[in-house]
Amino acid sequence: PNSFERHRYDVIVVGAGGAGLRAAIAAHDAGAKVAIICKSLLGKAHTVMAEGGIAAAMGNVWSEDNWKVHFRDTMRGGKMLNHWRMAQLHAQESANRVHELEEWGALFDRTAEGLISQRDFGGHRYARLAHVGDRTGLELIRTLQQRAVALGIDVFMECTVTKLFRDDEQRISGAFAYWRESGRFIVFDAPAVVLATGGIGKSYKVTSNSWEYTGDGHALALDSGASLVNMEFVQFHPTGMVWPPSVKGILVTESVRGDGGVLRNSEGRRFMFDYIPEYFKAETADTEEEADRWYDDKSNNRRPPELLPRDEVARAINAEVKAGRGSPHGGVFLDIASRRSTEYIERRLPSMHHQFKELADVDITAEAMEVGPTCHYVMGGVAVDADTAESVVPGLYAAGEVAGGMHGSNRLGGNSLSDLLVFGRRAGEHAAHGATEREQRAPVSDDDIRAAAEAALAPFEQDGGENPYTLQHELQDVMHSLVGIIRQASEMEKALEEIARLKERAAKLTVEGHRQYNPGWHLALDIRNMLRVSECIALAALERTESRGGHTRDDFPTTDDSWATVNLHCIADGDSVAIRHEQLPAMPDELRELFQET
Ligand code: FAD
């Protein structure tokens, strides 16, 4: 039963989202023998869900735009915690990556002059997002996937990696995986691995993320000796669906508010006016009349408070629900029905109309939606070298959402898709060079393979009777209520105690049945990763005694300058996690000067 197939490659890429596909193409182009491994079907990676667009300073709509402005916006958005060199490379290279996609067949929306069109998004000074309607991610994946397949890159799909191997010198030597359908094992011998596994949203009860986001890459990296940086920074989008339970967390686009939708509590009050922070007072309308005039006359009126930055709106919704003024299913009301005509809503928001009709039996042209904050994106991830995307473990690379540093404490919309392309390419290219330069490659040892197989089969052997679904729900509850959008020390300490208890129980997980397609077994393996990642988030969040970007503390509500240059790194300490403080690398003067201009 423990027989396995075995393959040799120069580079294996774990993940087939934008980052993984771009990395595989780059590694192939650099002469490496490459395989892509992904746990869902090719074309189904999370990237496919991205709507808004790819941020790139192409200057097509505003000729004033250039990489320096994009760099500055990105650093400011991340409250200056971003790794400056990553933000610089990202800003400099994203326009070329978009043009390249077009050469490979992507069909972008155009300006009247025939250039690639760019749209406005929060935090970007100029209209900057290259897009294809509201299905940019689909076009990006389609284009990269077609190219990868045309190049003949091998793809192992519905195949989950559970372990990375290292040789005696602690360099990467391969990976262990299983076919989800048959449960049979696969061993890959490879001197370079690119992690492109995406995010961690499934550790939270309410998330816009798909089932795949169990933080596998984060945990694989940690267990291989790499560090995770910025794990305390998790982005909550203010408006996700809250009802029915099966669709809770699914994203409700910001455009609903942009097009006139307002937030109300159970008393019918348009409560965002109660939550305008000092910092934004000058630019935010303070009466409903002014806010409503803004939609037609933006020059003489200030913005409605519903369009404050995501973290502000999410916090306000959270406070209303906590104060007992929430909607029946624990959110608040997002109302566009009473404010815009049916015809307008159907024309401007067709996919939202469809989404609510199909999933919640709610007609958004006639009634309000129930919405609440949803876990959307993790800024934290594998700490890598900015230029090569290599971690401290030789041969281990990371790109895309699984990598950390690029976005600091908060990511701007659109900056993920560009991140995937810029650093996916860099990771693939450098992995290929690293692999082909390495002459001595010891095959993965039999002992290591045996240990990996035993670990994977453990849930069949254990008889503690713990159920993986119960454990997952409990973990999601803990993270949602104790390490969520608003945090405080006592709750996070409690979360860490709960996580410790869940870890003990995870050792007693028991699954029934066989290895043939067995979702309970898959989840039992995923839970280890979810617990590891959750511990990192809770520990780092407890350690950072300030509020900044995606990290908000009730007990330390303001930003603290003494934290402005400190990154927290999580490292494995046996089965636990330890935290290390590291100073941010100093930014060169020519970049620092960009922040002196107004
Ligand atoms: P993914 O696309 O998630 O791919 C991860 C891959 O890893 C998958 O193929 C998965 O199967 C594989 N994998 C994971 N674990 C394993 C394992 N153990 N073994 C094997 N394979 C594994 N960003 C923007 O910039 N602009 C937008 O407009 C935008 N809109 C968004 C809308 C929604 C609804 C959501 C949820 C997010 C949006 N984002 C947007 C964020 C962006 O989509 C993601 O951050 C990005 O797509 C992540 O890409 P990735 O390549 O890192 O990972």
Side-chain angles (χ1 to χ4, degrees), residues 12-24 35-56 94 119 121 124 128-132 134-138 140-141 144-145 155-164 175-180 186 188 193-202 207-220 235 237 240 249-254 351 355 374-379 381 398-403 406-407 411-421 423-424 427 522 525-526 528-529:
I12 58 172
V13 177
V14 188
L21 289 168
R22 190 61 191 84
I36 298 171
I37 309 169
C38 53
K39 72 181 188 183
S40 60
L41 289 169
L42 194 60
K44 293 279 182 187
H46 193 87
T47 299
V48 85
M49 294 162 76
E51 294 157 5
I54 311 171
S94 49
R119 69 160 46 123
F121 238 56
H124 294 283
R128 189 177 280 151
L129 270 68
H131 57 276
V132 186
D134 61 1
R135 52 181 180 84
T136 311
L138 176 64
L140 188 150
I141 282 278
L144 293 178
Q145 187 179 313
V155 181
F156 296 76
M157 54 179 154
E158 297 203 282
C159 177
T160 301
V161 173
T162 60
K163 169 97 191 141
L164 302 181
F176 186 84
Y178 68 95
W179 292 107
R180 296 174 76 83
I186 319 174
F188 294 92
V193 169
V194 179
L195 290 173
T197 51
I200 58 94
K202 279 292 163 192
T207 177
S208 64
N209 292 178
S210 66
W211 64 271
E212 294 177 272
Y213 268 20
T214 50
D216 298 3
H218 288 79
L220 289 167
Q235 185 173 75
H237 194 288
I250 289 183
L251 203 68
V252 180
T253 173
E254 203 163 312
S351 54
Q355 179 173 313
T374 181
C375 173
H376 189 54
Y377 184 88
V378 63
M379 271 66 77
E401 196 169 337
V402 68
M406 161 66 208
H407 305 286
R411 173 182 71 94
L412 296 185
N415 268 0
S416 173
L417 294 185
S418 41
D419 169 6
L420 311 182
L421 297 171
F423 293 104
H522 303 167
L525 299 178
D526 291 345
R528 300 172 183 173
N529 303 328

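For ligands, and for the atoms within them, numbers begin at 1 and follow the listed sequence.
Of all the atoms in ligand 1, the ones that sit under 4.0 Å from a non-hydrogen atom of T197 are 5 (C), 7 (O), 14 (C), 15 (N), 16 (C). For ligand 1, the atoms lying closer than 4.0 Å to a non-hydrogen atom of E212 are 8 (C), 9 (O), 10 (C), 11 (O). For ligand 1, the atoms lying closer than 4.0 Å to a non-hydrogen atom of G414 are 24 (C), 25 (O), 26 (N). Proximity to V14 (heavy-atom distance under 4.0 Å) selects the following atoms of ligand 1: 19 (N), 20 (C), 21 (N). Heavy-atom proximity to Y377, at under 4.0 Å, picks out these atoms of ligand 1: 45 (O). Short contacts between ligand 1 and G400, defined as distances under 4.0 Å to a heavy atom of the residue, involve ligand atoms 52 (O).
Distances between N or O atoms of M49 and those of ligand 1 include no value under 3.5 Å. Residue S208 has no nitrogen or oxygen atom sitting less than 3.5 Å from a nitrogen or oxygen atom of ligand 1, judged on distance alone. Taking distance alone, with nitrogen or oxygen atoms compared against 3.5 Å, E401 approaches ligand 1 more closely than that limit. Residue Y213 has at least one nitrogen or oxygen atom sitting less than 3.5 Å from a nitrogen or oxygen atom of ligand 1, judged on distance alone. Considering both main-chain and side-chain atoms, A19 comes within under 3.5 Å of ligand 1 through a nitrogen or oxygen pair. Considering both main-chain and side-chain atoms, K39 comes within under 3.5 Å of ligand 1 through a nitrogen or oxygen pair. Residue A16 has at least one N or O atom closer than 3.5 Å to an N or O atom of ligand 1. By the 3.5 Å distance cut-off applied to N or O atoms, H376 is not counted among the residues near ligand 1. For ligand 1, the polar-atom distance check against V161 finds a nitrogen or oxygen pair separated by under 3.5 Å. For a threshold of 3.5 Å applied to N or O pairs, the pair formed by G413 and ligand 1 contains no separation below that value.
Side-chain atoms of Q355 come within 3.5 Å of backbone N or O of L251 as a donor-acceptor pair. S94 contributes no side-chain N or O that, together with a main-chain N or O of S418, makes up a donor-acceptor pair within less than 3.5 Å.
What you find for A16 and L42 is that their closest heavy atoms are CB-CD1, 3.8 Å.
Salt-bridge annotation for R411 and D419: absent, with no side-chain N of the basic residue lying under 4.0 Å from a carboxylate O of the acidic one.
Between the side chains of H237 and T374, not a single donor N or O lies within less than 3.5 Å of an accepting N or O.
For S40, the heavy-atom gap to ligand 1 drops under 4.0 angstrom. At a 4.0 Å cut-off, not a single heavy atom of V402 sits close enough to ligand 1 to count as contact. By the 4.0 Å heavy-atom criterion, G137 is excluded from the residues contacting ligand 1. At a 4.0 Å cut-off, not a single heavy atom of T136 sits close enough to ligand 1 to count as contact.
Looking at G15, S416, G53 and measuring to atom 26 (N) of ligand 1, the nearest heavy atom belongs to G53. Closest heavy-atom approach to atom 47 (O) of ligand 1 within the set D526, D419, T47: this belongs to T47.
The CD atom of E158 sits 11.0 Å away from atom OH of Y178, with the distance rounded to the nearest 0.5 Å. Interatomic distance, CE of M49 versus OG of S208, reported as 6.0 Å (0.5 Å rounding).
The backbone of A196, and not its side chain, has at least one atom closer than 4.0 Å to an atom of ligand 1 (non-hydrogen atoms only; backbone = N, CA, C, O). With a 4.0 Å cut-off on non-hydrogen atoms, L417 touches ligand 1 through its backbone as well as its side chain. Residue-level proximity to ligand 1 for D216 is carried by the side chain, the only part with a heavy atom below 4.0 angstrom. Counting heavy atoms closer than 4.0 Å to ligand 1, residue N415 contributes backbone atoms (N, CA, C, O) but none from C-beta onward. Heavy atoms of H131 found under 4.0 angstrom from ligand 1: none, in either backbone or side chain. Only the backbone of C159 comes within 4.0 Å of ligand 1, judged by heavy-atom distances. When non-hydrogen atoms are compared, ligand 1 lies under 4.0 Å from the side chain of L251 (C-beta onward) but not from its backbone.
Given atom 41 (C) of ligand 1, the protein heavy atom at minimum distance is R411 NH2, 3.8 Å. Looking only at heavy atoms of the protein, atom 40 (C) of ligand 1 is closest to A50 CB, 3.8 Å.
Surrounding CZ of R119 are more than 12 heavy atoms belonging to other residues, nucleotides or ligands, all under 6.0 Å away.
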Requested in this report: Could you go through the side-chain contact (heavy atoms from CB on, under 4.5 Å) check for I12 and F156 one step at a time?
Outcome: CA-CA 10 Å; I12 58 172; F156 296 76; over 6 Å; no
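Side-chain contact between H522 and T160 is absent, with no heavy-atom pair separated by less than 4.5 Å. Looking only at side-chain heavy atoms (C-beta outward), L421 and L140 come within less than 4.5 Å of each other. Between V378 and E401, some side-chain heavy-atom pair lies under the 4.5 Å cut-off.
Exactly one residue among N209, T197, I141 makes a side chain to side chain contact (heavy atoms under 4.5 Å, CB included) with H46. That residue is N209.
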